[in-house]
Asks: 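Before anything else, here's the structure in question.
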There are 2 protein chains.
Amino acid sequence: MTTEFPAPAPGLRARKKQRTRDELLRAALELFTSQGYEETTVDEISEAVQVSQRTFFRHFSSKEDAAFRVQDLIESHFVTTVSGRPPGEAPLEAMRRAVLDAWNTVGEAIEALVPLELHMRTYQLIESTPSLLATHMRRSADLEEVLARVIAEREGLDVDEDPRPRLVVAAFSGVMRMTGRRWGAGNEATVESIREITAAYLDRFESALAADWHRG
Amino acid sequence: MTTEFPAPAPGLRARKKQRTRDELLRAALELFTSQGYEETTVDEISEAVQVSQRTFFRHFSSKEDAAFRVQDLIESHFVTTVSGRPPGEAPLEAMRRAVLDAWNTVGEAIEALVPLELHMRTYQLIESTPSLLATHMRRSADLEEVLARVIAEREGLDVDEDPRPRLVVAAFSGVMRMTGRRWGAGNEATVESIREITAAYLDRFESALAADWHRG
DNA sequence: GAGGCTAATGTCAGCGGCTGACGCGAAGCA
DNA sequence: TGCTTCGCGTCAGCCGCTGACATTAGCCTC
């Protein structure tokens, strides 16, 4: 556990670097959420961490990059979880379980970067800031593509031949976007809250798909 | 027709202004499509029209604004057309007819701004430029909201009470986004081509919705 | 543990998008 | 004709972002 193979005990330099990165991220999100994204200057962020502006851009490719850093983590976490679902599950079921699972386990991973509550506020900010929302939507489209390929592979399908993987993912993503929006608009900025909303929407969605629409 | 109420015969100054605006738009799109959006400088655009950079920003709130000016026209044209459909038509049918109608009539309106073919190339550019695509998707979401309200009003529904308007519009928009993408990826950059693709996709979509899925 | 090597940061100069302030000259109007 | 308006040019400046070079502090080897 101390000096093993996959953990080559990062040296002081690496740790310092990581610390700077973390502090920059925290300061950025704190400033973004407290005074607005557009209103926050990269100079302000760097100054808050006592670092030059250039250093900020060495750690984050852009101001937006900082805003979406935690999302990166969450999304890759989700993709990994989906990939790990047993092959027997139907695609929608796998994604449903994966997203609920993910919300249970991703918390501590987030917490290692920034306080969970800070991320929740950041997400609300993304939903309410036009330029960030635009990027968020494009990123979601990218994620859909990745998911479609994962699902296609699970089912042994060619994503360019069979439209169903993309369709399932599109429907699922639609529901997820809806929940994200609904949650972002509300006041319950907690993980439990988003888990609940997600579960509720997915349940309704799936039962609506499965039910006989021509009966009650 | 000459000096009527809604057309107060624009004076020389107004015409000059309009001319400058048109030239700027054309030059911008021409440069965007020929050398790329990010690679084009506002200075280049202004210089091509022999005006100061400041003048560009007096006519366009941003570089992006120029890229989406024609889209603005098309979208408002489409919304107007939908609003004008007879109330008897079902929502999906109204939107289907509106979009096909719109493609027939919007051509000359576009042509009044820029050559049609230039707009077609611009659309393809939007689809293939990340930052523009992001904005495009956010704009589509805004348009969905507007459409949902139009549909809700047609049907005498409250858009915040009944989810169906938003659902229908979401499904319709999904199909439209798909056609836009497919068309943008292809080589047939003509209005006829996009009209054909649109009609084909909508037909398949509607029949898929209407058909009995449990029979061949 | 003294040397050189390297990686993280600071500094500086500069580009491109965008804005406010001010002045000018031409179009509109009395 | 003279006054007003308004479209435009100019200038200065902020902010996001980048390349180039200097500096220093961790590290690595002898």
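A note on names: the letters A, B, ... follow the listed sequences, proteins ahead of strands, and every chain is numbered from 1.
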Asks: Nucleotide range of DNA chain C contacted by chain B, 5' to 3', under 4.0 Å to a heavy atom?
Replies: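 Contact boundaries, 5' end first: C/dG17 to C/dG28.
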
Asks: Go through the structure and list residues passing side chain to side chain donor-acceptor pair (under 3.5 Å) with B/Asp72, not counting sequence neighbours.
Replies: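 Side chain to side chain donor-acceptor pair (under 3.5 Å) check on B/Asp72 returns B/Arg139.
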
Asks: For B/Phe57 and D/dC14, give me the distance from atom CZ to atom C1', rounded to whole Å.
Replies: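 Nearest whole value for this atom pair: 13 Å.
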
Asks: Salt-bridge test for B/Asp22 and B/Arg15: reply yes if a basic N is under 4.0 Å from a carboxylate O, no otherwise.
Replies: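 Salt bridge: no.
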
Asks: Using atom OH of A/Tyr37 as one end and atom C1' of D/dC15 as the other, report the distance to the nearest whole Å.
Replies: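 Atom OH in A/Tyr37 sits about 12 Å away from atom C1' in D/dC15.
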
Asks: Among all residues two or more places apart in sequence or in another chain, which pass the salt bridge (charged side-chain N to carboxylate O under 4.0 Å, His left out) test with A/Arg96?
Replies: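 A/Arg96: salt bridge (charged side-chain N to carboxylate O under 4.0 Å, His left out) contacts with A/Glu93, A/Asp203, A/Glu206.
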
Asks: If I take atom CG in residue A/Asp43 and atom P in nucleotide D/dT18, what distance separates them, rounded to the nearest angstrom?
Replies: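 From A/Asp43 CG to D/dT18 P: 15 Å.
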
Asks: Taking any heavy-atom pair under 4.0 Å as a contact, classify B/Thr40: base, sugar-phosphate, or nothing.
Replies: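 Since only primed, P, OP1 and OP2 atoms lie under 4.0 Å of B/Thr40, the category is sugar-phosphate.
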
Asks: Using every non-hydrogen atom in the two residues, find where A/Arg177 and A/Ser140 come nearest and quote the distance to one decimal.
Replies: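 Result for this residue pair: NH1-CB, 4.1 Å.
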
Asks: Kindly compute the distance separating CH2 (B/Trp183) from CZ (B/Arg195), expressed to the nearest 0.5 Å.
Replies: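 Going from the CH2 atom of B/Trp183 to the CZ atom of B/Arg195 covers 15.0 Å.
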
Asks: Dot-bracket notation for DNA chain D is requested: 5' to 3', Watson-Crick or G-U wobble pairs only, both distances under 3.5 Å, with ( ), [ ], | and . as defined.
Replies: |||||||||||||||||||||||||.|.||

Asks: Verify side-chain hydrogen bond (donor to acceptor under 3.5 Å, both in side chains) between A/Glu47 and A/Gln53, making sure each step is shown before the conclusion.
Replies: CA-CA 8 Å; A/Glu47 203 173 341; A/Gln53 192 214 50; over 6 Å; no

Asks: How many Å lie between CD on B/Glu39 and P on D/dC17, as a whole number?
Replies: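 Rounding to the nearest Å, CD of B/Glu39 and P of D/dC17 are 16 Å apart.
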
Asks: Any idea which heavy atoms bring A/Pro86 and A/Arg154 closest together, and the distance?
Replies: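 Closest approach of A/Pro86 to A/Arg154: O-NH2, 3.2 Å.
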
Asks: Taking atom CG of B/Leu24 and atom OG1 of B/Thr55, what is their separation to the nearest 0.5 Å?
Replies: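 Between atom CG of B/Leu24 and atom OG1 of B/Thr55 there are 7.5 Å.
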
Asks: Go along nucleotides 4-10 of chain D 5' to 3' and tag each nucleotide: B for a protein heavy atom under 4.0 Å from its base, S when only backbone or sugar atoms are that close, - otherwise.
Replies: -BBSBBB

Asks: Can you list the residues that meet the side chain to side chain donor-acceptor pair (under 3.5 Å) rule with A/Glu117, with sequence neighbours excluded?
Replies: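 Partners of A/Glu117 by the side chain to side chain donor-acceptor pair (under 3.5 Å) criterion, ordered by chain and then number, come out as A/Arg121.
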
Asks: I need the minimum non-hydrogen distance between A/Pro130 and B/Arg138, along with the two atoms involved.
Replies: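 Scanning both residues, the minimum pair turns out to be O-CD, 3.0 Å.
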
Asks: Does the pair A/Glu144/A/Arg166 count as a salt bridge with the N-to-O cut at 4.0 Å?
Replies: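 No, no charged N to carboxylate O under 4.0 Å.
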
